[in-house]
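To start, the structure itself, in structure tokens.
This structure is a prediction, so every number in the text was calculated from the model and none was measured.
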Amino acid sequence: MIRKLLVANRGEIARRIFATCRALGVTTVAVHSDADADAPFVAEADLAVRLPGNTSAETYLRIDLVLDAARRAGADAVHPGYGFLAENADFAAAVTDAGLTWVGPPAKAIAAMGDKMAAKALLADAGVPMLPTWTEADQVTGFPVLVKAAAGGGGRGMRVVRDAAGLAEAVAGARREAAAAFGDGTVFIERYVERGRHVEVQIFGDTHGTVVALGVRDCSIQRRHQKIVEEAPGVLPPEVRERLHEAAVAAGRAVDYVGAGTVEFLLAPDGEVHFLEMNTRLQVEHPVTEAVTGWDLVRLQLLVAEGEALPLTATPPADGHAIEVRLCAEDPAQGFRPATGTLHRFAIPGVAGEFTPTKGLRLDSGVVDGSAVSVHYDSMLAKLVAWAPTRAEAARALAGALARAELHGVATNRDLLVRVLRSREFGAAEADTSFLERHEEVFAPLLAADQLPLVALAAALAGAAGRRAAAPVLAGLPSGWRNVPAFPQVTRFAGPDGEIEVRYRLDRTGTLADWSVSPAPASAGQDGPAAGGDAAPDVTVVEAAPDRVVLDVDGTRRAFRVHRVLSEVFVDGPDGAASLTEQPRFPLPTAELAAGSLLAPLPGAVTRVHVEVGQRVAAGDLLLTLEAMKLEHPVLAPTDGVVAELPVPAGGQVDTGAVLAVVTEEDPR
């Protein structure tokens, strides 16, 4: 029987495993890097062991360090979580060789499925349907194709290639990204199916020969080949569902599978099913299966690892519907590049439970208020899951909770997720893997540009209320009181599209006499309140406190929640959220950047420089490649011109805002 379990992973999955361990009375052990020393999962563990270093390669991927930590903590079992070492056969073997209980499939099964090419051959012999696949670029017989990492998933090392001209560079780039993410740069190429659906079957096996399917999940909503919305059960014809169950169980039996695993398929528009890969671990999206089956999959993992028989022998019926979204630290203004910073507030309303099967809204989070989001690991902050009796109710509840969430300090993909959940195509269960490519409208922020003036006014009024509350003298005077009442108060903010100036005047009773915001958004007056002058709506201040402003706008009350951290002002309103930065009245002079400067969007390392100083480039040409948060980010020429400066060589580390290159219109020589 397992008494003390070490989790060889971090973030929300460590917290999720700890939750089940607490319910079962199992002592928990965390391992952590220096960057994670203050992370919530470390604080929640009964014991924690430091792994010196910051990056995954220095810490969480070091088998010797993890086993030494287990020895020092007195652990008798190891759970790999998912990712990192979860699909490393050498790690599974090392754990068992050390006399510890391994909570996962046998090393032999991991090795068989870990080599994705060998896995395809093995499962093809077992009758599982396959896509055409090649190991070398010169073997490819048709396009489009998908280049994939052989040693891992999560979208890393994946490239869609539509013609032969781009294949060599795609293979090279995929190899670099796979090596950085998984320590193995091996890739392969398979036929790419347009408008396919990504579906997968959760399987479970035990040491007594039972392999059972726990239902189908649909994970078709993806960006950069990374899943961002998952649901169970997948909306499929019964005969397709049965085929998927049979193929998945056959795959599990072919490798004598034990524990939790996922068999992934591509469902083509013509109804044909094609095997993609088998993940020999717990999946990120396992909570939706837990929600509709009622089974705690981590509990089943522990029971199976202890040698117990599975308490079920057939696919359980699905109860209701569950949808999960992956909330990630990504900046929509930077093409959804990973974002870093401090989460000043992380609050999601209506959560019924965390980390274990829950009816209603479930939150599995790796962060809390004050958590630092660093460049060292992937960008996922949390998973939010909604269960409801019907799919439509689950989607509506999940979208509503996301829209009302307070996510302050780090840019996220929240608005994108809300728009996807509220889209017609998703609501009709018609989405496929190309959904985001075909629907640019879902990338628009929830807060329309013509609503920003009211948000800025609320921020200005809250700031004034905060200053009055903190005033050491004459605190009872109305904010902005003047001997000459015609003179307006002025507050300037840096907003999502540039500087915003708010001018407003309060009369001697504190009533808003007039207001304006400039510059007015281009769309002002079309769908909402306009800014400035006679076009401004009739606004009455109902309440103005440092953290809450209520405005009556043309007879309709709107409440805004305001959270200020130094000069940053976060405003959450009925139509969306915005982050503003209040500008000083007398700004200090700053150094001007050279025209044409391209700045680092986040900390990282320059892996390759593709041009040289003096080289003429065209708009869109690749200048250099920045690696951050396990992904490669291309830096492209914004316009035709000449490369004037390349201040960072290949291998150089940079912080956010560092100059990576300067492109000018004239030859500097």
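Residue pairs satisfying the salt bridge (Lys or Arg N to Asp or Glu O under 4.0 Å) criterion with at least one member in residues 254-264, sequence neighbours excluded, are listed as follows: K227-E264.
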TODO: Show the numbers, then the answer: is there a side chain to side chain contact (heavy atoms under 4.5 Å, CB included) between I189 and L146?
DONE: CA-CA 6 Å; I189 308 162; L146 185 64; over 6 Å; no
TODO: Check the pair R326 / E285 against salt bridge (charged side-chain N to carboxylate O under 4.0 Å, His left out), numbers first and verdict last.
DONE: CA-CA 9 Å; R326 302 189 190 189; E285 56 272 21; 2.9 Å; yes
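With sequence neighbours excluded, the residues forming a side chain to side chain contact (heavy atoms under 4.5 Å, CB included) with A35 are S33, N54, H376, Y377, listed by chain and number. Take L622 and apply the side chain to side chain contact (heavy atoms under 4.5 Å, CB included) test, not counting sequence neighbours, and it matches H610, T625, P634, L636. Applying the side chain to side chain contact (heavy atoms under 4.5 Å, CB included) test to S371 and every residue at least two apart in sequence or in another chain returns P40, V367, V368. Qualifying side chain to side chain contact (heavy atoms under 4.5 Å, CB included) partners for D296, counting only residues two or more places apart in sequence or in other chains: R16, T20, E290, V298, R299, T356, P357. Under the ring-ring contact (aromatic ring centres under 6.0 Å, His included) criterion, F188 pairs with no residue at all, not counting sequence neighbours.
One finds a salt bridge joining E87 and R281 here, because a Lys/Arg side-chain nitrogen approaches an Asp/Glu carboxylate oxygen to under 4.0 Å. Classification of D364 and R15 as a salt-bridged pair fails, no side-chain N sitting under 4.0 Å from a carboxylate O.
Residues Y257 and D206 bring no donor and acceptor atom of their side chains to less than 3.5 Å of each other. Checking R3 against T27 by side-chain atom types alone, no donor-acceptor pair falls below 3.5 Å.
Nearest heavy atoms, A411 versus D331: CB-CA, 3.7 Å. Between V385 and A322 the shortest heavy-atom distance is CG1-CB, 4.4 Å.
With R159 as reference, E177 is the one residue of E190, E169, E177 to meet the salt bridge (Lys or Arg N to Asp or Glu O under 4.0 Å) rule.
When side chains are defined from C-beta on, M113 does not count as touching K108, because their heavy atoms never get closer than 4.5 Å. Residues H563 and H344 are in side-chain contact: their nearest non-hydrogen atoms beyond the backbone lie under 4.5 Å apart. The side-chain heavy atoms of V31 and R50, taken from C-beta on, include no pair separated by under 4.5 Å.
For an aromatic pair to be called close, the ring centres must be under 6.0 Å apart, and F204 with W295 fails this.
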